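Numbering of ligands and ligand atoms starts at 1, following listing order. Computed from a predicted model, the values in this text were never measured in an experiment.
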Amino acid sequence: MKLHEYQAKQILSDFGVPVPQGEVVATPAGARAIAERLGKPVVVKAQVLMGGRGKAGGIKLARTPDEAAEAAESILGKRLVSPQNPQGLVAEKVLVEEAIEIQREYYIGITIDRTRQRNVLMVSMQGGMDIEEVAAQNPEAIATVAIDPLLGLTDYAAREALYGAGIPQEQVRPLSALIHSLYRAYIAVDANLAEINPCVITSDGRVIAADAKITLDENALFRQKRLEALREESIEDPIEEEASRRGLAYVRLGGDIGIIGNGAGLVMSTVDEVARAGGRPANFLDIGGGARAERVRQAVELVLMDPNVKGLLFNIFGGITRGDEVARGILEAFSTMEVNVPVVVRLAGTHAEEGRALLQGTPLIPAETMQEAARKIVELVAARS
Ligand code: GDP
Ligand code: MN
């Protein structure tokens, strides 16, 4: 679960990381009030869960309270699009904070390295840029040090990373202190990523986190009662959120063909097959084993919450749950709903033929193979647009 910048900064600040003074607001008037209270130039920053906000127009410098209100006006409710996020996201809140005078921008991050089975500390002098880009084009510009799980983050590990990145001597001590605070926050909230980019050296030589990103391990939320409250505020996609409430594995993919299947592997191949047939998958949804009517109904409802969906493809492999039971479950589910898009059902496995026979004469279109099913739904959707 990704946290918003203002939430991440709140956490980091609680652990002693210096952050700019500021507050999050949802209106231009609110932005003006914060700027007035701070009494100095501010930056107004869109609180959307995506990188590259600066280039997307989501970060504006404002010298006066009026300018802060204007900046908030120009950001709030607007869709921000970046190369990392071509679909774009709408900012409902802005963070208004004191503008800082930047002398240098560094990158500092802690994350899990699954290959090393360690948390790793990363430091780079190339802050302010997308770290993935630095990693791809200039990997030696990032110093990475593994953190021993028994010792925790030691002073010498922090220094090794800082020296390794080429950080000037006089900044090593303050940055080392910041890294320790960052690490304590990372461990305390069960994060799997905590990064400060840019970590700024101000023109008067102070160290401050100008941007912050924290991703929490959702499996640890049960022991993070305080953070669970943040969940509501950091909904990335309302349908994905609803899916997690319903216990369904759903991932939004942005296209117009809804996909439902049993088994993650099968659903992934279905997504590929639809793309290969020239279609654009709207989602991944694994309903798991069985296909009881209630579960199917929940799944279909969920997929149709996405207004872009123009067709539905079921891909079910009958194993322990036989194909005819699956077909009955699907038919029963559809008998209780009004569905106005074409639906193709591919049934395979145990009693698949019986299952397909049950679908004859209903609005549901049976298919035998995944390729046939993908082709059919792509044609039907193309015919409708
Ligand atoms: P991101 O693009 O979404 O990662 O947003 P950031 O918060 O990292 O901001 C992007 C860039 O905007 C930073 O690297 C800075 O160059 C600039 N920026 C952000 N806050 C300030 C500020 O308070 N003062 C100045 N001068 N520049 C800032
Ligand atoms: Mn940033």
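Other residues, nucleotides and ligands contribute over 12 non-hydrogen atoms within 6.0 Å of the CZ atom of R116. Residue E372 qualifies as enclosed at atom CD: its count of foreign heavy atoms under 6.0 Å is above 12.
In summary, E67 and K60 do not engage in a salt bridge, as defined by a charged side-chain N under 4.0 Å from a carboxylate O. By the 4.0 Å N-to-carboxylate-O rule, K310 lies close enough to D256 to be salt-bridged with it.
Only the backbone of N197 comes within 4.0 Å of ligand 1, judged by heavy-atom distances. The side chain of K45, and not its backbone, has at least one atom closer than 4.0 Å to an atom of ligand 1 (non-hydrogen atoms only; side chain from C-beta on). Residue E105 touches ligand 1 through its side chain alone, judged by heavy-atom distances below 4.0 Å.
Set against the non-hydrogen atoms of V43, the atoms of ligand 1 under 4.0 Å away are 21 (C), 22 (C), 23 (O). When each atom of ligand 1 is checked for a heavy atom of G54 under 4.0 Å away, the hits are 2 (O). Distances below 4.0 Å separate heavy atoms of A99 from the following atoms of ligand 1: 23 (O).
When only interatomic distances are considered, the shortest N/O to N/O separation between I102 and ligand 1 does not fall below 3.5 Å. Not one N or O of E5 is nearer than 3.5 Å to an N or O of ligand 1, by distance alone.
In this structure a side-chain-to-backbone donor-acceptor pair under 3.5 Å is missing from R79 to V90.
Per residue D211, closest N, O or S atom to the Mn ion (ligand 2): atom name OD2.
Of all heavy-atom pairs spanning A91 and Q47, the tightest one is CB-N, 4.4 Å.
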